[in-house]
Amino acid sequence: MQEAELRVPSTLEAVAQATQQLRALLPDWLSGSEADAIELAIAEALTNVVQHGYAGQPGHEIRLRVRERDAAVEIDLWDQGRPIPRERLRNADANTTFQFDPTDLAGLPEGGMGLALIKSAFHEVRYGSRDGTNRLHLVRRL
Amino acid sequence: MDLIDIDRGASVPVVVPRVKRLDASVAPAFKQQVVQLVQAGEKRLVLDLGSVEFLDSSGLGALVSILKALGAQGTLAVCNARGPVLSLFHLTRMDKVFAIDADRATALARAGA
């Protein structure tokens with residue numbers, strides 16, 4: 001079993017760097033497009049924590065762990081910021097978030113797409129908070 | 001920092017991002033620099049994404065903002081989106097919103113250059 005851990009400072013520059021580091025840690029059995037989707041999802045998750053969880057404040061940290069099991073890659077993120085509202089996570093879904101009217105220019109979404117992208121990249125998405133620490137648990141199977 | 005190059009070789013300006021990753025760390029400044037062009041009077045733009053390797057939802061949101069700034073009378077023709085950048089347009093159904101051409105010449109023609 002392979003396991004690696006990154007500690008990501010709460011800045012968007014650090015998020016970009018960590019996302020690329022994570023890409024190199026992903027197992028070879030993922031296809032290029034699966035790895036792309038995971039890289040994107042982790043960028044979205046880390047960005048969410050920096051912008052919303054830590055309200056854009058530097059000086060905090062996100063712990064990121066990647067583990068490869070038999071036929072799955074598990075990624076965990078831990079942070080001590082404001083948790084993702086339960087409703088927002090539950091309602092985020094690629095089948096609803098991206099069902100906007102493409103002809104309604106003013107109504108096109110400029111944000112709020114991150115959680116749906118996270119959900120669409122993984123088979124399993126679990127989220128919880130305990131003693132001030134939030135944990136996002138993501139699993140992609142073969 | 002200049003995040004874009006502007007190629008004025010044709011009658012419609014071609015905006016070329018100078019970053020390989022159009023993500024949350026640069027999206028607001030990128031948006032601002034392109035919207036400035038629109039505010040300066042440009043109604044038609046080509047956006048060449050050939051050098052962009054990574055686009056996240058913030059970068060995509062910036063493109064939507066640019067589209068809104070151009071308004072219904074304006075034109076934004078995107079070209080050279082590839083790999084994960086093109087995949088994000090499909091996944092989010094934004095390929096139904098943006099005109100995406102395979103190359104710059106086609107995008108310029110679409111924009112009426």
Problem set entry | Note, B:Lys96 side chain near A:Phe100 side chain (heavy atom, < 4.5 Å) | no
Seminar exercise, completed: To the nearest 0.5 Å, atom CG of A:Asp101 lies from atom CZ of B:Arg93 at 8.5 Å
Problem set entry | Contact class of A:Ala16 relative to chain B, heavy atoms under 4.5 angstrom | both
Exercise. So, the side chain of B:Lys68 versus the backbone of A:Gly107: is there a donor-acceptor pair under 3.5 Å, distance only?
Worked result: no
Problem set entry | side-chain contact (heavy atoms from CB on, under 4.5 Å) between A:Glu110 and B:Leu60, intermediate numbers included | CA-CA 7 Å; A:Glu110 292 172 65; B:Leu60 189 61; over 6 Å; no
Exercise. So what's closer than 4.5 Å to chain B heavy atoms on A:Ala106: side chain, backbone, both or neither?
Worked result: backbone
Exercise. Using a cut-off of under 4.5 Å for heavy-atom pairs, which of B:Gly61, B:Ser87, B:Gly71 has the most such pairs with chain A?
Worked result: B:Gly61
Exercise. Can you tell me how far the CG atom of B:Leu55 sits from the CG atom of A:Asp36, to the nearest 0.5 Å?
Worked result: 12.0 Å
Problem set entry | Nearest-0.5 Å distance, CE of residue A:Met113 to CE of residue B:Met94 | 4.5 Å
Exercise. When heavy-atom pairs shorter than 4.5 Å are enumerated against chain B, which of A:Leu105, A:Leu12, A:Thr103 gives the highest number?
Worked result: A:Leu105
Exercise. Quick one: of B:Asp56, B:Thr92, B:Val64, who has the most non-hydrogen atom pairs under 4.5 Å with chain A?
Worked result: B:Thr92
Problem set entry | Least distance between heavy atoms, B:Ser57 atom then A:Gly114 atom | OG-N, 4.0 Å
Exercise. Side chain, backbone, both or neither: which part of A:Glu44 has an atom under 4.5 Å from a heavy atom of chain B?
Worked result: side chain
Seminar exercise, completed: Applying a strict 4.5 Å limit to non-hydrogen atoms, the region of A:Leu117 in contact with chain B is side chain
